[in-house]
**Q** 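Can you read through this structure? Questions will come right after.
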Amino acid sequence: MKKTLVFLVSLALLAGLASAAPSIYGSNGLFRTISAKNAGPMNFGIGAYGFGWKWDNDSTADTPYKHGAMDLNIVPNGYFSINDMIEISIAPSYLMPSEYVEVSGTKTKFNPSGLGYTRVGLKFSHKLSDAFVGGIYAGYDIGATLADTFRYKGTQKNAMKYNGGVDARLLADLKVGEAGCLNLNAGMYYDMTKVPDMATADTTDSKSIYPNMSIPFGLGFSYDMGMIMPYVELQAQYVMDTTSYPNNAGTETVKRSIMDNPMWIGAG
């Protein structure tokens, strides 16, 4: 009887595997853009992403100096639609950054690895018409999953509070023709991390990180061809930073410009 029950549950889970892939946040959508649509009652999607970046610079100064970095990130993720309106999702991350500094031929390397933050999400979807779906997404980055490798090691380590962050967005999906879909995301991200206050001698004193608020914006377009769904997307993040910084010459101060904010453009 137990074997039969396990078999039937397995069949139900396989039958419930949705065709929509999870985004890096766990919820269904494109790579960085969350879809407002719901996968349907008792449907789920699972997947994994791997992505990274690399850069190097070199100076022609009298003392040759090189600095390079590479960042790899693996994100297994998945979501489960409880009914045609409510979806839960999860996306842990495993980070593998590396960095090197080379001065006069002597290279120093730094290669940590370990778990990063884990994103859990809740999404509400509502079909407003045959062509338009609206939604609300709320995500929380769990700081407790961050590996010790990436935690602050200074004398004021007890003042560092890994409280994670909250992501709240409005979602909209607009059907374009028979197979096209336009996805729109807009909202706010609040980083609740607290850092040591270096102005005090108290090793437990901390203050909120700055800037801690930003406005994420995403726009994606996909075309469902059955087993293949090509897409393009843009996601930007406007950081709410009013600080004035010294310019390169050190003669005046400048504020963060539009191009100093994170932006991703991709296709797949």
Side-chain angles (χ1 to χ4, degrees), residues 21-35 44-54 69-80 87-99 110-123 135-154 156-171 185-197 206-218 233 235-241 261-264 266:
S23 69
I24 62 170
Y25 305 109
S27 181
N28 67 73
L30 307 179
F31 181 49
R32 291 184 179 273
T33 308
I34 300 172
S35 173
F44 72 96
I46 55 175
Y49 282 103
F51 58 96
W53 58 266
K54 185 179 187 302
M70 182 171 66
D71 193 359
L72 297 176
N73 196 350
I74 298 175
V75 185
N77 48 35
Y79 63 86
F80 177 70
E87 172 193 291
I88 56 176
S89 58
I90 185 168
S93 61
Y94 190 81
L95 311 177
M96 293 179 289
S98 64
E99 186 176 6
F110 179 62
N111 296 295
S113 63
L115 282 174
Y117 283 8
T118 297
R119 167 66 65 93
V120 293
L122 178 66
K123 186 174 75 176
I136 300 173
Y137 171 84
Y140 173 59
D141 292 327
I142 303 174
T145 61
L146 189 67
D148 288 341
T149 306
F150 303 117
R151 293 176 181 266
Y152 182 70
K153 298 295 194 301
Q156 291 180 302
K157 63 181 180 180
N158 293 329
M160 190 76 185
K161 308 297 182 184
Y162 301 92
N163 298 327
V166 176
D167 189 340
R169 304 188 192 193
L170 295 176
L171 314 174
N185 294 178
M188 181 167 288
Y189 185 84
Y190 182 72
D191 191 340
M192 297 185 294
T193 303
K194 290 196 173 183
V195 298
D197 187 350
S206 59
K207 59 182 180 180
S208 296
I209 196 170
Y210 180 86
N212 59 4
M213 296 187 70
S214 59
I215 299 174
F217 171 84
E233 66 174 359
Q235 188 182 78
Q237 198 168 333
Y238 177 73
V239 181
M240 300 175 74
D241 181 10
N261 292 280
M263 181 183 296
W264 299 266

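Just so it is clear, the structure is predicted and the values come from calculations on it, not from any experiment. Values below: every heavy atom of this structure, side chains too, minus hydrogens, waters and symmetry copies. Along the sequence shown, the residues carry numbers beginning at 1.
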**Q** What distance separates Glu87 CD from Tyr79 OH, expressed to the nearest 0.5 Å?
**A**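 Answer rounded to 0.5 Å: 6.5 Å.
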
**Q** Go through the side-chain N and O atoms of Thr118 and Thr145 and say whether any donor and acceptor fall under 3.5 Å apart.
**A** yes

**Q** For Tyr49, check ring-ring contact (aromatic ring centres under 6.0 Å, His included) against everything at least two apart and list the hits.
**A** Phe31

**Q** Supply the atom-to-atom distance Asp71 CG to Ser98 OG, rounded to the nearest 0.5 angstrom.
**A** 8.0 Å

**Q** Would you kindly say whether Asn185 and Tyr137 are connected by a side-chain donor-acceptor distance under 3.5 Å?
**A** no

**Q** Could you walk me through whether Gln235 and Thr33 pass the side-chain hydrogen bond (donor to acceptor under 3.5 Å, both in side chains) test, one step at a time?
**A** CA-CA 7 Å; Gln235 188 182 78; Thr33 308; 5.4 Å; no

**Q** Is the cationic atom of Arg169 (NZ for Lys, CZ for Arg) positioned less than 6.0 Å from the six-membered ring centroid of Tyr189 and within 45 degrees of its normal?
**A** no

**Q** Can any side-chain N or O of Asn77 pair as donor or acceptor with the backbone N or O of Ser23 at less than 3.5 Å?
**A** yes

**Q** Would a distance-only check, ignoring hydrogens and angles, find a side-chain to backbone donor-acceptor pair under 3.5 Å from Lys161 to Asn158?
**A**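 Indeed, once roles are kept as given, a pair shorter than 3.5 Å links the two residues.
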
**Q** How far apart are the closest heavy atoms of Gly78 and Pro22, and which atoms are they?
**A**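 Closest heavy-atom pair between Gly78 and Pro22: CA-CG, 4.3 Å.
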
**Q** Tell me the closest heavy-atom pair linking Arg151 and Gly143, and the distance in Å.
**A**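 For Arg151 and Gly143, the tightest heavy-atom pair comes out as NH2-O, 3.5 Å.
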
**Q** Within 45° of the ring axis of Tyr140 and under 6.0 Å from its six-membered ring centre, is that where the NZ or CZ of Arg119 lies?
**A** no

**Q** Might you work through the side-chain contact (heavy atoms from CB on, under 4.5 Å) test for Val120 and Ile142, ending with a clear yes or no?
**A** CA-CA 8 Å; Val120 293; Ile142 303 174; 4.0 Å; yes

**Q** Can you name the nearest heavy-atom pair linking Ser89 to Ser27, along with the distance?
**A** CB-N, 3.5 Å

**Q** The test is side-chain hydrogen bond (donor to acceptor under 3.5 Å, both in side chains); show your working for Tyr210 and Asp241 and say whether it passes.
**A** CA-CA 8 Å; Tyr210 180 86; Asp241 181 10; 3.1 Å; yes

**Q** Taking Ser35's backbone N and O only, do any of them form a donor-acceptor pair with Lys123's side chain (distance below 3.5 Å, no angle check)?
**A** yes

**Q** So, for Val239 and Pro262, which heavy atoms are closest and what is the spacing to 0.1 Å?
**A**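 Minimum heavy-atom contact is CG2-CD, 4.0 Å.
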
**Q** Could you state the interatomic distance from CG (Leu171) to CD1 (Ile136), rounded to the nearest 0.5 Å?
**A**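 Going from CG on Leu171 over to CD1 on Ile136, the span is 8.5 Å.
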
**Q** Identify the two heavy atoms, one from Glu99 and one from Asn111, that lie closest to each other, and give their separation to 0.1 Å.
**A**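 What the structure gives for the nearest pair is N-OD1, 4.3 Å.
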
**Q** How long is the straight-line distance from CE of Met96 back to CE of Met70, given to the nearest 0.5 Å?
**A** 8.5 Å

